[in-house]
Amino acid sequence: MIEISKMGFQYSGSDRMALRDINLTIQDGEFVGLIGVSGAGKTSLTHTLTGMIPHHYKGDFYGSVRVNGMDTVECRGEDLYRIVGSVFQDIDSQMVASVVEDEILYGLENFGFSREEISERLENVLDTLGIRDLRYRALSSLSGGQKQKVAIAAIVALRPQIIVLDEPTGELDPESSLQIFRLLRQLNKEFGITVLIVEQKIMLLCEYVDRMIVMNEGAIVFDGPARDVVRHTSTFEDIGINVPRVVTLCGQLQKKGLYNGQVPLNVEEGEKMVREVLRGGRHAGI
Amino acid sequence: MAAMLEFDHVHFGYGRAVILPDLSFTIEKGDMVALIGANGAGKSTVSRLCNGLLLPSKGHVRVTGMDTKKVRTSALARKIGFLFQNPDRQICKNTVYDELAFGLQVQGVSEAEQKERVEKALETFHLDPKWEPFTRSRGERQRIALASVLIHEPELIILDEPTTGLDYRECTEIMEYVTALNREKQTTVLMVSHDMELVQSYAKRVLVLSGGQLLGDGPVRQIMKDEQTLHAAKVMPAQIPALALRFGDTFSDVYTVADMVAALEKERG
Amino acid sequence: MGNILEFVPGDSFLHRLNPITKIVLAFLFCICSLLSNNLLIQVGLLAFLMIIAFAAGIGEKAMGLLRTLLFFCILMIILQLIFMRGGVGYLVLPGGFPLVTSDGLYYAALFTLRIINATLPLLMMFAITQMNDLTNAMVNRLHVPYRYMFILTTAFRFIPILAGEFHDIMDAQKARGVEFDTRNIFKKIGLIVPLCVPLLVSSVKKVDSGAVSAQVRGFSLRTRGAGYKAYPFRLGDLLALLLLAAMIVLLVFFG
């Protein structure tokens with residue numbers, strides 16, 4: 001469980017707060033999406049969970065962040081890394097090895113697992129993520145999507161309770177991005193891993209996350225189920241984030257009094273909405 | 001008059017790997033064209049063939065009639081403004097002013113004119129000349145990069161995945177500048193993208209690339225509704241056209257949210 | 001040209017040697033080439049090296065490396081041909097001045113072969129050794145601090161990444177009209193120098209994100225014994241080392 005209370009952070013040398021008055025509780029097994037324009041504090045927030053703030057990036061830290069009851073400021077970073085795994089946007093520089101298998105072994109070796117345990121976890125994660133055929137491939141020969149899968153595998157092998165991903169699909173095309181989200185949902189459902197993902201692709205967030213957090217200027221603006229959050233189309237517009245077109249459509253239909261059902265999050269639900277509007281039309285015609 | 005951009009039976013490959021077997025298309029002055037396709041379809045290759053960073057192994061690429069094989073890349077650079085997806089590769093000076101002036105300087109523009117043009121660009125793009133590019137946000141850096149590209153008043157602008165790494169607001173900002181140039185000065189635009197919502201909002205014509213071959217070429221409205229072609233090219237369709245397609249002929253004229261609202265209002269009488 | 005330090009996957013006897021054996025063998029071979037002033041022996045050493053390369057399935061790679069090295073030796077060859085004036089003269093110019101001499105030819109060949117024989121084994125070593133294995137073996141077996149080996153491996157891994165980055169930066173600059181195709185070498189250098197700024201900026205970013213990524217995966221927890229793969233010394237390692245040692249002894253007495 002993650003508990004953040006009255007937390008704020010200012011990078012040393014910066015003249016403004018990167019994070020302001022953050023209060024946030026994330027239960028085990030949640031799938032949370034984090035969205036906001038650049039500079040909103042999304043990455044900084046993920047750094048506070050992984051302990052990179054304040055252990056690696058220095059500055060003034062206020063309030064508290066607790067992961068499984070451990071205070072991230074007071075505890076050793078090493079204890080935190082066993083619970084929270086991180087995946088980053090820059091695909092190439094987060095790799096430490098040149099072959100897929102070595103990349104996955106890296107963390108396992110560092111944490112000092114026994115040889116049997118490592119072997120079991122390695123085999124397991126290759127199957128779970130469906131990358132067994134990539135095992136002996138050179139990382140440089142893989143596509144961006146494949147590399148990002150390997151990066152996730154390297155983290156999943158460590159069996160963290162929480163995975164924090166900072167725009168993992170930023171450099172990927174729509175098809176590979178979708179695959180990453182499918183994979184994360186599978187990890188979330190099958191193993192109960194808590195997922196916190198920073199993402200700009202609002203349509204993917206709407207489709208996959210249970211809970212959506214919107215940040216702006218270092219603070220949390222909205223926090224709730226995706227369906228409740230995206231309803232606020234005009235605030236989204238003010239901040240500078242888009243909403244899926246079906247949501248915009250829904251907003252306009254509601255304004256005109258043509259529809260008052262639930263907000264659609266994807267094309268399928270959009271279809272239902274339009275059918276309902278059409279039905280209403282025929283009823284009105286009779 | 002020669003076309004703005006012409007691919008004439010272009011063949012391109014690295015070693016044994018063929019990327020473009022035989023590609024031909026023409027873009028006229030003033031058009032706003034999107035080049036879409038999945039990763040590995042050859043989109044980046046096409047964009048780099050335009051400004052001579054790559055040269056065709058067979059066939060010809062012509063920019064306003066100039067064969068890219070026969071002129072230097074610097075001559076092409078006067079005609080073409082190329083915005084890369086990563087602004088950090090473009091920016092190499094310590095202040096915004098120097099960065100904007102640098103491109104003019106290498107092209108031999110007089111100092112007085114440099115000053116005048118830089119000042120105009122600073123105003124248009126809301127930039128501070130004293131900013132240090134490397135300390136600014138990604139979106140601001142992309143704006144600086146765009147300003148330093150457009151300061152040359154290119155006749156053809158190529159945008160290589162302009163949305164990568166940018167949030168929606170920054171992305172809209174970039175696209176608005178480019179659209180204004182297209183509208184006011186008939187600057188030709190070729191945008192490479194896999195973001196169909198973006199393509200739908202800004203492009204007039206769409207080229208669909210898959211495996212180095214042109215699967216589709218037509219007005220944006222036609223391509224958006226061409227489910228077969230988009231599927232074959234592994235491109236995800238934009239939401240509203242995809243939604244409209246689910247209703248057969250009922251919404252055959254629907255492409256945007258506004259279209260859909262109007263059509264539904266009509267249905268309801 | 002590709003990356004000359006790139007690993008070539010394989011399962012030959014050379015690939016299976018202990019990484020430490022491989023690096024020691026490479027150095028021993030260098031010593032061999034420096035011990036002898038005999039052209040025939042140098043030719044023999046090179047032939048031996050190429051036979052090994054082909055037997056280990058990296059023949060093509062070795063030929064590529066050889067071509068690259070030869071290219072770098074061209075200047076040496078020219079200097080030797082010009083300045084070694086002893087022996088029989090060939091291609092005598094009208095004034096009675098020989099363009100090349102037998103000594104010139106001999107020493108040009110000798111020094112070139114020597115340089116190649118001293119460099120090629122090291123380059124070949126990288127072609128048959130994963131940096132990761134080398135690191136782990138050095139840490140486990142030779143007790144080299146992991147921190148240093150990690151820095152070394154990371155540096156090697158970043159070479160192709162930065163080369164790619166530099167290529168992209170050049171492209172971006174060409175696209176805005178910077179004329180790298182100028183014939184004036186000074187002008188060209190003047191144009192390339194400013195590019196170090198973006199390259200530096202992106203390297204710093206990449207190194208930082210690499211460090212963060214290694215850190216969250218327990219970099220600081222790693223102990224010397226950590227390592228899934230074992231790197232035992234086998235009979236093959238011993239035989240290979242003995243062979244090279246014998247070669248050195250022979251060369252010391254008869255080379």
Side-chain angles (χ1 to χ4, degrees), chain B residues 14-15 44 47-54 68 71-95 98-109 132-136 138 141 145-152 154 156-160, chain C residues 1-4 6 8 59-61 63-65 67-68 158-213:
Chain B
Y14 293 101
S44 304
S47 64
R48 280 165 174 73
L49 279 162
C50 295
N51 61 356
L53 289 180
L54 297 175
T68 56
V71 295
R72 293 161 63 138
T73 49
S74 48
L76 290 168
R78 283 166 213 269
K79 300 263 179 195
I80 304 176
F82 197 111
L83 187 69
F84 286 80
Q85 55 171 284
N86 186 349
D88 297 348
R89 290 174 179 155
Q90 214 161 329
I91 297 171
C92 61
K93 294 288 176 186
N94 287 326
T95 67
D98 290 350
E99 181 60 34
L100 294 185
F102 177 65
L104 296 172
Q105 206 181 314
V106 295
Q107 296 195 359
V109 174
E132 292 171 18
F134 294 108
T135 63
R136 311 309 300 184
R138 169 89 182 232
R141 293 202 302 277
L146 181 72
S148 76
V149 164
L150 298 188
I151 202 166
H152 302 292
L156 170 63
I157 300 173
I158 299 175
L159 305 167
D160 188 6
Chain C
M1 186 171 83
N3 178 12
I4 59 167
E6 203 167 35
V8 181
E60 242 173 74
K61 171 94 178 182
M63 292 301 281
L65 291 171
R67 269 193 296 273
T68 315
F158 267 83
I159 293 172
I161 295 180
L162 291 184
E165 189 75 23
F166 190 69
H167 179 260
D168 289 345
I169 290 172
M170 286 276 277
D171 269 3
Q173 301 304 322
K174 272 187 214 161
R176 69 198 283 198
V178 181
E179 293 170 318
F180 292 113
D181 46 0
T182 173
R183 290 228 176 78
N184 183 335
I185 186 86
F186 294 104
K187 199 172 162 199
K188 189 164 177 165
I189 292 170
L191 290 172
I192 287 179
V193 168
L195 303 193
C196 295
V197 177
L199 188 63
L200 206 66
V201 168
S202 79
S203 332
V204 168
K205 273 189 197 157
K206 280 181 192 298
V207 168
D208 183 59
S209 85
V212 169
S213 157

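Labels below follow one simple rule: chain letters A, B, ... track the order of the sequence lines, proteins then strands, and each chain is numbered from 1.
- Residues of residues 162-175 of chain C lying under 4.5 angstrom from chain B, judged on non-hydrogen atoms, are C:E165, C:D168, C:I169, C:D171, C:A172, C:Q173, C:K174, C:A175 by number.
- With a 4.5 Å cut-off on non-hydrogen atoms, B:L53 touches chain C through its side chain but not through its backbone.
- In terms of heavy-atom pairs under 4.5 angstrom with chain C, the leader among B:E99, B:R78, B:K93 is B:E99.
- The parts of B:D88 that come within reach of chain C are both its backbone and its side chain, each placing non-hydrogen atoms under 4.5 angstrom from that chain.
- Applying side-chain contact (heavy atoms from CB on, under 4.5 Å) to B:F134 and the options C:V204, C:V197, C:L200 leaves one that passes, C:V197.
- The shortest non-hydrogen separation linking B:C92 to C:P194 is CB-O, 3.8 Å.
- Taking every heavy atom of both residues into account, C:R176 and B:A77 meet most closely at C-CB, 3.7 Å.
- In C:K205, the NZ atom is crowded: over 12 heavy atoms of neighbouring residues, nucleotides or ligands sit closer than 6.0 Å.
- Residues that satisfy the salt bridge (charged side-chain N to carboxylate O under 4.0 Å, His left out) test with C:K188, not counting sequence neighbours, are absent from this structure.
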